[in-house]
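What's counted below: heavy atoms across the whole structure, side chains too, no hydrogens, waters or symmetry copies. Throughout, residue positions are numbered sequentially from 1 according to the sequence presented.
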Amino acid sequence: MTVSGGGVYRRRIRVTAGDREAGAEMEDDFHHFAVRLTHDGSRVTGIDGRAIRAPWTTCVEAIDLLHRLDDLALGTPAAEVNRLGGPTTGCTHLVDLAVLAFEAARRWQAAGGSPVPSAEYDIGVTEPIDGPHLATLALNGQPLLRWDLDGDRVLSPPPYHGLSMLEPGFGRWAAETLAPGAIEPATVLRRACQISRGRQRNLDDYPTAADLPPRSLCYSQQPSMAPVAVRIRGASRDFSTRPGDLLHRPG
């Protein structure tokens, strides 16, 4: 993917919950990952992931780390699931999807095993060009969040004004400030804002993750892994003008 000004980073996440199982799948410019877990109504009995399209050869290795969450109680708070999953030592995106699947399983449990509607998040983040830019999130086709951004900070609306997309502490702030049902969408949009910055460079120009500017945000960019995390050339896509292709299943 060759980056050009004026594009839109797009991401779609689909979350489902059925009889003693739940799943979450995500696709964006750089990734297509999925997580599925099974449970007995109170604890996780199995969890697995798929790296359908990934930026680095090592990303698939992080799937095994999801088993840190085996046998976890469905009542475990989302923040604890995230911590146990290790969003930096493991794959950030697989852990994010595991948290979403856990939350879907929790909703199924709270509903007494009754059917739980699936959730589909559609996110768009415009590229910053000489000024503020825009991040939006829709849930099941209905607009839900709109953030005006200046670089990595939210300009409006309240209560998000002044929040950084990069500084730590967002989870604590969200838990203390937002209504329970608002935490997940805001967390999903914040992650998309972070990842949208990847459009500012062509990853195919970097032979390994070690050649990227120094960061430590995911499994493949850990110092021990980055030198052997080889770029999968041509793995990126540009969904600026074709958001309907995200998670599209022909037929």
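- With respect to Arg237 and Asp29, no salt bridge is recorded, no charged nitrogen being found less than 4.0 Å from a carboxylate O.
- Contact annotation: the side chain of Asp70 approaches that of Ile47 to within less than 4.5 Å [non-hydrogen atoms, C-beta and beyond].
- Summarising the geometry of Leu37 relative to Ala98, their closest heavy-atom pair is CD2-O, 4.5 Å, with the distance given to 0.1 Å.
- With contacts defined as side-chain heavy-atom distances shorter than 4.5 Å, the pair Thr136/Arg146 qualifies.
- Here the closest heavy-atom approach between residue Ala186 and residue Trp147 is recorded as O-CH2, 3.6 Å.
- Contact annotation: the side chain of Cys59 never approaches that of Tyr219 to less than 4.5 Å [non-hydrogen atoms, C-beta and beyond].
- Annotation: side chain of His39 is not in contact with side chain of Glu21 (no heavy-atom distance under 4.5 Å).
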Using the rule given for side chain to side chain contact (heavy atoms under 4.5 Å, CB included), can you reason through Leu247 versus Glu25, listing the C-alpha separation, both sets of side-chain angles and the distance that settles it, and then say yes or no?
CA-CA 8 Å; Leu247 297 184; Glu25 185 174 1; 3.6 Å; yes

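- Using a 4.5 Å heavy-atom cutoff, the side chains of Glu167 and Arg153 are in contact.
- Residues Met225 and Leu203 fall into different hydrophobic clusters, defined by Ile, Leu, Val, Met, Phe, Trp and Tyr side chains chained together at heavy-atom separations under 4.5 Å.
- Taken to the nearest 0.5 Å, the CZ atom of Arg107 stands 12.0 Å off from the CG atom of Leu74.
- One finds the CG atom of Leu212 at 5.5 Å from the CD atom of Gln221 (value rounded to the nearest 0.5 Å).
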Taking it one step at a time, do Gln142 and Asp122 satisfy side chain to side chain contact (heavy atoms under 4.5 Å, CB included)?
CA-CA 9 Å; Gln142 299 300 310; Asp122 281 295; over 6 Å; no

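- Here the side chain of Asp204 pairs a donor or acceptor atom with the backbone of Gly234 at under 3.5 angstrom.
- No donor-acceptor pair under 3.5 Å is formed between the side chain of Arg36 and the backbone N or O of Asp48.
- Side-chain atoms of Glu127 and Tyr9 include no donor-acceptor pair closer than 3.5 Å.
- Side-chain heavy atoms closer than 4.5 Å link hydrophobic residues (I, L, V, M, F, W, Y) into clusters, and following such links, possibly through other members, connects Trp56 to Leu94.
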Test side chain to side chain donor-acceptor pair (under 3.5 Å) on Ser236 and Arg231; report intermediate values, then the result.
CA-CA 11 Å; Ser236 294; Arg231 169 62 180 165; 3.1 Å; yes

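- Within the model, atoms CE of Met26 and CD1 of Ile123 stand 9.5 Å from one another, a figure rounded to the nearest 0.5 Å.
- His32 places no side-chain N or O within 3.5 Å of a backbone atom of Ile52 that could act as its donor or acceptor partner.
- Across all their heavy atoms, Val99 and Ala78 have their closest contact at CG1-CB, 3.9 Å.
- The distance from atom CG of Leu189 to atom CG of Leu144, rounded to the nearest 0.5 Å, is 9.5 Å.
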Could you go step by step and tell me if Leu84 and Leu72 meet the side chain to side chain contact (heavy atoms under 4.5 Å, CB included) rule?
CA-CA 10 Å; Leu84 291 171; Leu72 201 60; 3.6 Å; yes

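- In terms of heavy atoms, Cys193 sits closest to Leu149 at SG-CD1, 3.9 Å.
- A cation-pi arrangement is found for Arg242 relative to Phe239, the charged atom lying closer than 6.0 Å to the ring centre and inside a 45° cone about the ring normal.
- Although no hydrogens or angles enter the test, the distance criterion places no donor-acceptor pair under 3.5 Å between the side chain of Thr177 and the main chain of Ala174.
- More than 12 heavy atoms of other residues, nucleotides or ligands lie within 6.0 Å of CZ in Arg43, so this atom counts as buried by the packing criterion.
- By the 4.5 Å heavy-atom criterion applied to side chains, Leu246 and Arg11 are not counted as neighbours.
- Using bins of under 30°, 30° to 60° and over 60° for the plane-to-plane angle, the ring pair Trp173/Tyr160 lands in the tilted bin.
- Linking ILVMFWY side-chain heavy atoms closer than 4.5 Å, directly or via other members, places Leu145 and Val15 in a single hydrophobic cluster.
- In summary, the side chains of Thr45 and Asp40 do not present any donor paired with an acceptor at a separation below 3.5 Å, with no hydrogens or angles considered.
- Side chains of His31 and Asp28: a donor on one and an acceptor on the other come within 3.5 Å.
- In this structure, Arg197 pairs ionically with Asp152, as a charged nitrogen and a carboxylate oxygen lie closer than 4.0 Å.
- The closest donor-acceptor contact from the side chain of Gln194 to the backbone of Met165 lies under 3.5 Å.
- With contacts defined as side-chain heavy-atom distances shorter than 4.5 Å, the pair Trp108/Asp19 qualifies.
- Remark: the Thr58 side chain and the Ser220 side chain contain an N/O donor-acceptor pair separated by less than 3.5 Å.
- Ion pair Arg10/Glu27 not flagged as a salt bridge, since none of the NZ, NE, NH1 or NH2 atoms sits closer than 4.0 Å to an Asp/Glu carboxylate oxygen.
- For Arg20, there are no salt bridge (charged side-chain N to carboxylate O under 4.0 Å, His left out) partners at least two apart in sequence or on another chain.
- Hydrophobic clustering (side-chain heavy atoms under 4.5 Å, transitive across Ile, Leu, Val, Met, Phe, Trp, Tyr) keeps Leu137 apart from Leu155.
- Between Val95 and Gly86 the shortest heavy-atom distance is CG2-O, 4.0 Å.
- A donor-acceptor pair is defined here as one N or O able to donate and one able to accept, closer than 3.5 Å; such a pair exists between the side chain of Asp211 and the backbone of Thr208.
- For His67, the NE2 atom is densely surrounded, since the number of other residues' heavy atoms within 6.0 Å is greater than 12.
- Using a 4.5 Å heavy-atom cutoff, the side chains of Arg53 and Phe33 are not in contact.
- The two atoms that bring Leu178 and Pro159 nearest to each other are CD2-CG, 3.9 Å, heavy atoms only.
- Side-chain contact annotation: Arg106 with Gln109, donor-acceptor N/O pair under 3.5 Å absent.
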Start with the C-alpha distance between Leu65 and Cys91, add both sets of side-chain angles, then the distance that settles side chain to side chain contact (heavy atoms under 4.5 Å, CB included), and finish with yes or no.
CA-CA 8 Å; Leu65 299 180; Cys91 170; over 6 Å; no

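- There is no path of hydrophobic side-chain contacts, each under 4.5 Å, that joins Ile232 to Val60.
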